[in-house]
Amino acid sequence: MLMPHLDQAKKRTKNEVLVRNFEMDDKFKKIGVGKTYYVKTYGCQMNVHDSENIKAILEEMGFKENDDMEKSDLILLNTCAIRENAHNKVFGMIGRLKHLKEDRPDIITGVCGCMAQEEVVVDEILNKFKFLDFVFGTHNIDELPNILYEAMHKNKTFIDVKSIEGDIVEDIPVKRDSKYKAWVNIMYGCDKFCTYCIVPYTRGKQRSRRLKDIINEVKSLKDKGYKEVTLLGQNVNAYGKDLNADYDMSDLLEEVAKTNIERVRFVTSHPWDFTDKMIEIIGKYPNIMPYIHLPLQSGSDRILKLMGRRYTKESYLKLFDKIKKIVPNASITTDIIVGFPGETLEDFKETLDVVNKCMYDSAFTFIFSPREGTPAAKMKDDTPLSVKEERLHELNELVNKYALEANQKYLNKIVPVLLEEESDKKGKLAGYTDTMKLVNVKAPKEMLGKIVDVKITDVKTWSMDGEIV
Ligand code: SAH
Ligand code: SF4
Ligand code: F3S
């Protein structure tokens, strides 16, 4: 039993990060033969990509994927801890699994991901959901074969959660959801410690992958026919700062662009580390997509300071304008939190002011959710929930207005779209423009995986329709 410890997870040392290769003992290779698995993923792209690794490891153990959770022999929830509602959704699902386990006692059930790194969660599992077979965290996905083996040979919940800074495991197997676009981790963890955020605790210290490992992965994806890579990190602009190396994010972007893979994307950019050189490189290479996710969180300097974001409204707006000047067709999206402890109407108006100035292409908006163990969870918060809900509503109305306006500029224009999957709408394929706009295109299935010129014929707030020209 290795239980999570948030206090331990908070520590940061100068210790060198261990880079090791994935290894799996032959004795695990038959464990899953004849059995099926179902992995349910919550949370961000990083979790989505972790699930791609988890699925591949399970397949190396002999398991086969089953789309029907209720009929699967192994069910694993890869969880997210970012807000209370993510947490509640997972516990709702654990409740469902309990019933399933009563009907089919032979199934194996487990929980992994960011929630597994939280003491409160594991305590609740041990108190109320003893039927679960295993729990592991974000730092030992590569040990899944051994964890499963132990879980299958024990009659109580096997807990194996490491609260360490983390290693880097290269060559971990991966079963990608798409044949055309791929997630590529460039760094793990986060050292920013924004006061509201649980990620630095659940994902450990910032660890950048070596540039050559990333480039090799991108080249091999290109050789396999992938059209698009998205470079992943909580804070990609800080890439390389933890390495004793002479390269940074702008160098990495340039090297990835030079592989000539058709589309390069990256998320998420923290406004703090966004350098001029990065903007220049984005503007210089046509295969770096003109799409930037630039989380604002709040427009009030007072709240930004309490959040520990280390930029001001003015410096954010300056950066925004610089990006728009050098990459004029860039679409820029953001994240905003309303109702941070102590947020006044005046603070909120500052946020609305930034939205009015930036006229974002789109925004993810959230009500502040206190996360146990973070500094903001202890701050005095006397704004009633009803007021926070009103603010969120007002903000969303404004965000939606600008999202529609941004889309309206595309009407009758011709834009490149990577056709990725069959659309919910019959006879159509869905894909994204270079600027990350979702388009439903009338096209036959054979066109999947192609980047085509599409004329936009209709626009809505969250999607567009188009025809191939
Ligand atoms: N690394 C990214 C954010 C990842 S979390 C960045 O720094 O921008 C995604 C978003 O969830 C954040 O941008 C923030 O808007 C929101 N979020 C994080 N913690 C939250 C909390 N405790 N309550 C509400 N929203 C939160
Ligand atoms: Fe969380 Fe801030 Fe790190 Fe983003 S940069 S993951 S918001 S601590
Ligand atoms: Fe959630 Fe963990 Fe991602 S908390 S947002 S899954 S890093």
Quiz item: With a 6.0 Å cut-off on ring centres, are Phe340 and Phe368 close enough?
Solution: yes

Quiz item: Is a salt bridge present between Glu59 and Lys175, judged by a nitrogen-to-oxygen distance below 4.0 Å?
Solution: yes

Result block: side-chain N/O donor-acceptor pairs under 3.5 angstrom for residues 370-382, not counting sequence neighbours:
{"from": "Arg371", "atom 1": "NE", "to": "Ala81", "atom 2": "O", "distance (Å)": "2.8"}
{"from": "Arg371", "atom 1": "NH1", "to": "Glu84", "atom 2": "OE1", "distance (Å)": "3.1"}
{"from": "Arg371", "atom 1": "NH2", "to": "Ala81", "atom 2": "O", "distance (Å)": "3.3"}
{"from": "Thr374", "atom 1": "OG1", "to": "Arg371", "atom 2": "O", "distance (Å)": "2.6"}
{"from": "Lys380", "atom 1": "NZ", "to": "Asp382", "atom 2": "OD2", "distance (Å)": "3.2"}
{"from": "Asp381", "atom 1": "OD1", "to": "Lys388", "atom 2": "NZ", "distance (Å)": "3.2"}
{"from": "Asp381", "atom 1": "OD2", "to": "Lys388", "atom 2": "NZ", "distance (Å)": "2.7"}

Quiz prompt | Glu65 and Lys55 ion-paired at < 4.0 Å | solution = yes

Quiz item: Between Ser163 (side chain) and His5 (backbone), is there a donor-acceptor pair under 3.5 Å?
Solution: yes

Quiz item: Are any of the side-chain nitrogens in Glu150 or Lys154 under 4.0 Å away from the carboxylate oxygens of its partner?
Solution: yes

Quiz item: How many angstroms lie between OG1 in Thr41 and CG in Asp177, if you round to the nearest 0.5 Å?
Solution: 7.5 Å

Exercise. Compare every heavy atom of Cys112 with every heavy atom of Ile54, then report the nearest pair and how far apart it is.
Key: CD1-SG, 3.9 Å

Quiz item: Would you say the side-chain atoms of Thr333 and Tyr291 include a donor-acceptor pair closer than 3.5 Å?
Solution: yes

Quiz prompt | Salt-bridge present (Asp353, Lys357; N to O < 4.0 Å) | solution = yes

Practice problem: Not counting sequence neighbours, which residues clear side chain to side chain donor-acceptor pair (under 3.5 Å) with Arg210? List them please. | Solution: Asp213

Self-check item: Nearest atoms (heavy-atom pairs only) where Gly137 meets Val161
Solution: N-CG2, 4.1 Å

Considering only distance and modelled atom types, tabulate donor-acceptor pairs under 3.5 Å from the side chains of residues 325-332, sequence neighbours left out.
{"from": "Ser331", "atom 1": "OG", "to": "Thr435", "atom 2": "O", "distance (Å)": "2.8"}

Self-check item: Least distance between heavy atoms, Thr36 atom then Asp73 atom
Solution: N-OD2, 2.8 Å

Practice problem: Evaluate the side chain to side chain donor-acceptor pair (under 3.5 Å) criterion for residues Arg309 and Tyr196: first the C-alpha distance (whole Å), next the side-chain angles of each, then the deciding distance (0.1 Å), finally the verdict. | Solution: CA-CA 10 Å; Arg309 291 290 286 182; Tyr196 51 82; 3.3 Å; yes

Quiz item: Of all residues at least two apart in sequence or in a different chain, which pass the side chain to side chain donor-acceptor pair (under 3.5 Å) check with Asn15?
Solution: Thr13

Quiz item: How far does CG of Asn78 sit from CG of Asn53, to the nearest 0.5 angstrom?
Solution: 10.0 Å

Practice problem: Before accepting this row, confirm whether a basic side-chain N of the pair Glu170/Arg209 lies closer than 4.0 Å to the acidic partner's carboxylate O. | Solution: yes

Quiz item: Could you state the interatomic distance from OH (Tyr432) to CG (Asp434), rounded to the nearest 0.5 Å?
Solution: 14.0 Å

Exercise. Look at the rings of Phe136 and Phe134 and say which category their plane angle falls in: under 30° parallel, 30 to 60° tilted, over 60° perpendicular.
Key: parallel

Exercise. Could you tell me the separation between the CD1 atom of Ile292 and the CD1 atom of Ile282, rounded to the nearest 0.5 Å?
Key: 4.0 Å

Exercise. Can you see which heavy atom on Leu395 is nearest to which on Ile336, and at what distance?
Key: CD2-CG2, 3.6 Å

Self-check item: Ionic contact status for Asp167 with Arg20, cut-off 4.0 Å
Solution: yes

Quiz item: Does Lys205 come within less than 4.0 Å of Asp242, counting only side-chain N to carboxylate O?
Solution: no

Quiz item: In terms of side-chain geometry, is the basic nitrogen of Arg265 or Glu228 positioned less than 4.0 Å from the acidic oxygen of its partner?
Solution: yes

Practice problem: Report the C-alpha distance between Glu390 and His393 in whole Å, list the side-chain angles of each, state the deciding distance to 0.1 Å, and finish with yes or no for side chain to side chain donor-acceptor pair (under 3.5 Å). | Solution: CA-CA 5 Å; Glu390 278 164 28; His393 182 75; over 6 Å; no

Quiz item: So does Lys156 pair up with Asp133, basic N to acidic O under 4.0 Å?
Solution: no

Exercise. Check for a donor-acceptor pair, side chain of Glu350 on one end and backbone N or O of Asp301 on the other, with a separation under 3.5 Å.
Key: no

Quiz item: Where the side chain of Asn237 meets the backbone of Pro271, is there a donor-acceptor pair that is under 3.5 Å apart?
Solution: no

Quiz item: Between Tyr149 and His153, is the gap from one ring center to the other below 6.0 Å?
Solution: yes

Quick one: side chains of residues 185-193, donor-acceptor pairs under 3.5 Å with protein atoms, not counting sequence neighbours, listed by atom name and distance.
{"from": "Asp191", "atom 1": "OD1", "to": "Arg12", "atom 2": "NE", "distance (Å)": "2.7"}
{"from": "Asp191", "atom 1": "OD1", "to": "Gln206", "atom 2": "N", "distance (Å)": "3.0"}
{"from": "Lys192", "atom 1": "NZ", "to": "Asp273", "atom 2": "OD2", "distance (Å)": "2.8"}

Exercise. Classify the angle between the aromatic ring planes of Tyr316 and Tyr311 as parallel (below 30°), tilted (30 to 60°) or perpendicular (above 60°).
Key: tilted

Practice problem: Please report the shortest heavy-atom distance between Val338 and Phe348, naming the atom on each side. | Solution: CG1-CE1, 3.9 Å

Quiz prompt | Lys/Arg-Asp/Glu bridge criterion (N-O < 4.0 Å) met for Glu217, Arg176 | solution = yes

Quiz prompt | Atom of Asn66, atom of Tyr38 and distance for their closest heavy-atom approach | solution = O-CD1, 3.2 Å

Quiz item: Would you call Lys284-Glu254 a salt bridge at under 4.0 Å N-O?
Solution: yes

Quiz item: In Å, rounded to the nearest 0.5 Å, how long is the span from SG of Cys358 to OH of Tyr402?
Solution: 10.0 Å

Quiz item: Given the rule in the salt bridge (Lys or Arg N to Asp or Glu O under 4.0 Å) test, do Glu420 and Lys181 qualify, once you have shown the distances and angles that lead to the verdict?
Solution: CA-CA 8 Å; Glu420 291 173 11; Lys181 56 175 200 176; 3.2 Å; yes

Practice problem: Could you give me the CA-CA distance, side-chain angles and deciding distance for Asp321 and Lys324, then say whether salt bridge (Lys or Arg N to Asp or Glu O under 4.0 Å) is met? | Solution: CA-CA 5 Å; Asp321 289 342; Lys324 283 278 182 183; over 6 Å; no

Quiz item: Roughly how far, to the nearest 0.5 Å, is the CG atom of Leu392 from the OG1 atom of Thr365?
Solution: 4.5 Å

Quiz prompt | Whether Thr157 side chain and Lys130 backbone form a donor-acceptor pair below 3.5 Å | solution = yes

Self-check item: Face-on cation placement of Lys40 at Tyr42 ring, 6.0 Å and 45° thresholds
Solution: yes

Quiz item: Are the charged groups of Arg302 and Asp347 less than 4.0 angstrom apart, N to O?
Solution: yes

For residues 113-129, run the donor-acceptor check on the side chains, cut-off 3.5 Å, and write out each pair with its distance to 0.1 Å, sequence neighbours left out.
{"from": "Gln117", "atom 1": "OE1", "to": "Thr138", "atom 2": "N", "distance (Å)": "2.8"}
{"from": "Gln117", "atom 1": "NE2", "to": "Lys162", "atom 2": "O", "distance (Å)": "3.1"}
{"from": "Glu119", "atom 1": "OE2", "to": "Leu6", "atom 2": "N", "distance (Å)": "2.3"}
{"from": "Glu124", "atom 1": "OE2", "to": "Lys128", "atom 2": "NZ", "distance (Å)": "3.4"}
{"from": "Asn127", "atom 1": "ND2", "to": "Asp123", "atom 2": "O", "distance (Å)": "3.2"}

